[in-house]
Amino acid sequence: PIQGGAADVAMMAMLKINNSELLKKLGWILLMQVHDEVILEGPEETSEEAFEEVLKCMQNPWVLGLDKTKVPLLVDGSCVHDNWYDAK
């Protein structure tokens with residue numbers, strides 16, 4: 001049940017990222033998810049603002065009226081790499 005719950009949390013985060021008006025306005029799109037990572041593509045000049053929005057979506061993925069957890073969701077990431085291989 002915990003692993004399935006984690007997948008649900010990741011799916012809710014992806015929904016928020018995909019539906020984010022700010023990310024759309026900045027020209028960013030969600031390309032794919034690999035386990036607990038999301039890969040987005042967009043213009044370099046808006047990468048830091050987009051990265052902050054993605055962090056916000058992932059740390060607060062609660063949609064569909066679900067309550068927040070009692071423990072915070074900690075998220076790390078990067079917006080300085082040109083491709084996923086370099087990020088790993």
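Worth knowing before you read on, the calculation uses all heavy atoms, side chains too, and leaves out hydrogens, waters and symmetry mates. Position 1 is the first residue of the sequence, and the numbers go up from there. Keep in mind it's a predicted model, so treat the numbers as computed, not measured.
Closest heavy-atom contact between Pro43 and Gly27: CD-O, 3.4 Å. Counting all heavy atoms, side chain and backbone alike, Phe51 lies closest to Ser78 at CE1-N, 3.4 Å.
Contact of the Pro72 side chain with the Gln59 side chain is not registered, since no non-hydrogen atoms from C-beta on lie closer than 4.5 Å. At a threshold of 4.5 Å between non-hydrogen side-chain atoms, the residues Trp62 and Thr69 count as touching. Side-chain contact between Leu73 and Met58 is absent, with no heavy-atom pair separated by less than 4.5 Å.
In this structure, Gln33 places its CD atom where more than 12 heavy-atom neighbours from other residues, nucleotides or ligands lie under 6.0 Å away. Applying the 6.0 Å contact sphere to NZ of Lys24 captures more than 12 heavy atoms from other residues, nucleotides or ligands.
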Expected list for residues 9-23: side-chain donor-acceptor pairs under 3.5 angstrom, two or more places apart:
residue, atom, partner, partner atom, Å
Lys16, NZ, Asn60, O, 2.6
Asn19, ND2, Leu15, O, 3.1
Ser20, OG, Leu22, N, 3.4
Ser20, OG, Leu23, N, 3.2
Ser20, OG, Glu53, OE2, 2.9

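For Leu31, the side-chain contact (heavy atoms from CB on, under 4.5 Å) criterion is met by Ile29, Ile39, Glu41, not counting sequence neighbours.
Considering CG of Leu26 and CD of Glu48, their distance stands at 12.0 Å, rounded to 0.5 Å.
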